[in-house]
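Note: hydrogens, waters and symmetry copies are ignored here, and every other heavy atom, side chains too, is used. Labels below follow one simple rule: chain letters A, B, ... track the order of the sequence lines, proteins then strands, and each chain is numbered from 1.
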Number of protein chains: 2
Amino acid sequence: MPTIKDVAKLAGVSISTASYALNDQPNVHPETKARILHAAKELSYHPHGIARNLKKRQTNNVGVFIYAFAGPVFSETLEGIRQTLQEHDFNIIVSSGTSSMNLLLERQVDGAIVFDNHISDDVLKHYAAHGMPLIVLDRLIQEENIYTSLIDNESLVYHLMSDMIKKGYQRLAYLAGPENAFNNRMRYVGFEKALKEHRLTPFGYFQGDFTIQGGYHIGKELIKRKNRPDFIFCANDESAIGLMQALKESNIRIPEDIAVAGFDHIAIGQLITPKLTTISIDHKAWGKMVAKVMIDILKGEKVTRSFRPEGKVLVNESC
Amino acid sequence: MPTIKDVAKLAGVSISTASYALNDQPNVHPETKARILHAAKELSYHPHGIARNLKKRQTNNVGVFIYAFAGPVFSETLEGIRQTLQEHDFNIIVSSGTSSMNLLLERQVDGAIVFDNHISDDVLKHYAAHGMPLIVLDRLIQEENIYTSLIDNESLVYHLMSDMIKKGYQRLAYLAGPENAFNNRMRYVGFEKALKEHRLTPFGYFQGDFTIQGGYHIGKELIKRKNRPDFIFCANDESAIGLMQALKESNIRIPEDIAVAGFDHIAIGQLITPKLTTISIDHKAWGKMVAKVMIDILKGEKVTRSFRPEGKVLVNESC
DNA sequence: TTGTAAGCGTTATCAG
DNA sequence: CTGATAACGCTTACAA
C-alpha cells in the first residue's frame, strides 16, 4: 500500500509538504498542492488511520458497547447514534463481549457509549479517570467523565399503572426482564409504587428475559393456572408480544380476560391485534441525543452530566 | 495514561525488556519479569493498541459492515460471528454507513465481512488487491482475496415452490424485497423457475422491502382486490409476518383462502398462528462459519473461496 | 538475560 | 511556501 512517502516522492516534494497538502492546510502553493493531490490520486493513496491516530492521539472512533446484537430497541438506538456520528465525521464502532473491553483498554476509541452490564463499574471508572469520556445507558455512575442517560422508568410505569388501577384492574402482575437489568428493576419500582399507593399488593411476579420467546413461555405457564391476574405489566414490549401470543392461542381474550401492557413502543406491538398499550420511547431520537452529547464532549464543549430520553404512556387496545 | 516507558522505569529495566516480559517472551529472567509485571499492575498499565497495531501492521480487528443495524437475521449472524472471533482472540467491529468505508480505507481492520451493498464492488476490489481479505455475503465477486458466502436462494425457493405447486396451489404471487438486494433477486429466480417448469405464470408481484411494516401494507392493499392469489411467497419472514397480520385482520383464512410462505426461519415466525412455512437458514451457524474462514485466512491457512450456509424447506401450518 | 536503536506512517515544530 | 526532524508508543533485530 502506498504511503505518504510515495506520494511525496512522486510529486517531488518533502513528506511534510505532502502532509500539509493532503490535510488541506492553507500554507501550500496551489500548484504544488495540485501536484501532490494528483500524485495521491495516481497512487490511490489513503492515509493510514492507525499512524494518524497514534500521532494525533485520537481516533475519531466512538465505541458503542452492547451486551447483544439483538432486538428492535438496539437497532433503532444504534441507527440514531450512527446518523448523528456520521454527520459529524465520527466513526461508529459497535462491539460486544470481550471485544468491547479490548477496544476500550487499547484506546481504539475516543469515547464510548455503554449499554452492557458485563463491563464492570470499576473498569469504566478507571478509564474515565484516565480521560476517556463515557456515556452509560444502563446504570447510574457518579464520576468525573462518566455521563448517564437513563429512561425515566419509574415515573413512566408509575403513571401507566395508576391509570390502570383507576380503570378498575385489581389483580396486577409483573412480567419481569432479567433481574440484574437496570431498566427492569426500575420499572418494577414504579409498578410497586403505584400499587402501594392504592393499597394493592402485586398479584404475581413472573421471571422473563425481555424476549418474545420468554414471554410466550410465561404465557403458556400462566394458562395452566386457575387463579389468573386481570392485568399484566410486561417489562418490555417483546415479552408482552410473546405473552399475548400464548394467551391468544388459548382463546383468552385481551383485554377482557387479561389486559396487557408493555414498554418501548416497538413497531410490531402496533401491528398485532389488539394493539399493545405501552410506554413510548423514541429510541432513534435518544440515540441521536446521546451521540450529540458524546460529540460535544469530544469537542470540549460543555454538556449536562445527565439527560433523559422522552417517554410517554400510550394507551391502546390491549388494556 | 501510563506507557511502557513508565513501567520500565518503575521496574528499573529497559523498554525492550519490559516489552518482552509483558508479551510473555521466554527470554526474560523470572525475577525481572515478576518485577515488571508488578510494576505494570501498580500503574494499571495497558498497552496502547494503536501503537502496537502500527508497529505490527495488524490490528486483530475484523470489521463487519452491514447496511443497517436492524433485523433478527443480522442479530443472529452477528452473534455467531462474535462468538467465533472472540474464541480466537479477534475483536469484532460492527459498522455501517460511511464509517465502514473509513475503517476499511484507513486499515483499522485486518479483514472485513461485508453485507452492505452501499459499498461498491470497485472499492472492495481495490482493497482486496492491496491485500485486505474480504468475505462478501451479499453479492458474487470473483477476485483475488475476495471470498463469497451466499445462501443457495435459487435452489431452495425452487424446491419450496415445486412442493407447493404439487400441493395444488395455482395462483402464485411473489412478495419481493428491495429490488437491488441480491437475496431478493435470486429468490425470485427460483420462484420463476419452478413456475415455468409447470407452465405457470406469476399471478402477482408485490414490491415489499423485507420489513414487517412493508408486508403489512402490501396485505392491506391486497384485501381491496377481488382477484387474489391462493399462495404468496414472501422474500423473507418479516414481510410474511406483516402480510399475515393484515390478512388476519380482514378475516382472510390462512392457508385456506391464501397460503403464505417466507424465508429465513426467524423465531417469531414460529410463534404466530398459523406457524409460518419457511426456508430455514441457521444464521448463527453461518456467522460462525464465516468468522472461522476469516480467521483461517488471517492466519494464512488455506480456505475454500466459496462456501454456503445450510438451508432447508420447513413446511408448517401456513401452507 | 538485558539493553540499544531502528522504524511502523503519520503530524507538527521549527528553520530556512 | 517548503523541508528537516522529532516525536506518538510500541516491537524486534542485533549487540552486549
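- In this structure, the nucleotide among D:dT11, D:dA13, C:dT10 sitting nearest to the side chain of B:Tyr20 is D:dA13.
- Side-chain contact between B:Asn145 and B:Leu134 is absent, with no heavy-atom pair separated by less than 4.5 Å.
- Heavy atoms of A:Asn23 sit under 4.0 angstrom from primed sugar atoms or phosphate atoms, though from no base atom.
- Across all strands, B:Ser19 comes closer than 4.0 Å to base atoms (heavy-atom distances).
- Taking 4.0 angstrom as the limit, B:Thr3 places none of its side-chain polar atoms (N or O) nearer than this to OP1 or OP2 of D:dG9.
- The listed nucleotides are C:dT10, D:dC1, D:dC10; the one nearest the side chain of B:Ile4 is D:dC10.
- Close to C:dG3, at under 4.0 Å from its OP1 or OP2, lies no side-chain N or O of B:Ser16.
- Taking the six-membered ring where the residue is Trp, the centroids of A:Phe74 and A:Tyr67 are separated by under 6.0 Å.
- Side-chain N/O atoms of B:Tyr45 include one lying less than 4.0 angstrom from OP1 or OP2 on D:dC10.
- Contact between the side-chain N/O atoms of B:Arg57 and the OP1/OP2 oxygens of C:dG9 is found at a separation under 4.0 Å.
- For A:Arg139 and A:Phe182, the positive end is not near the middle of the six-membered ring at less than 6.0 Å and at most 45° from its axis.
- One interatomic measurement links the two molecules: CZ of B:Arg35 to P of C:dT2, which rounds to 8 Å at whole-angstrom precision.
- Between B:His130 and B:His126, the ring planes lie perpendicular to each other; the angle is over 60°, past the 30° to 60° tilted range.
- Minimum atom distance to the side chain of A:Pro30 is reached by D:dC1, of the listed D:dC1, C:dT10, C:dG3.
- Side chains of B:His88 and B:Lys292 form a contact here, defined as non-hydrogen atoms less than 4.5 Å apart.
- The base of C:dA12 is not paired with the side chain of A:Lys55 by any donor and acceptor separated by under 3.5 Å.
- Both B:Arg107 and B:Thr32 lie close to DNA chain C; mapped to their nearest nucleotides by heavy-atom distance, the more 5′-ward contact belongs to B:Thr32.
- OP1 and OP2 of D:dT2 both lie 4.0 Å or more from every side-chain N or O belonging to A:Thr17.
- Residues A:Gly12 and B:Ile50 both approach DNA chain D. Their nearest nucleotides, taken by heavy-atom distance, put A:Gly12 toward the 5′ side.
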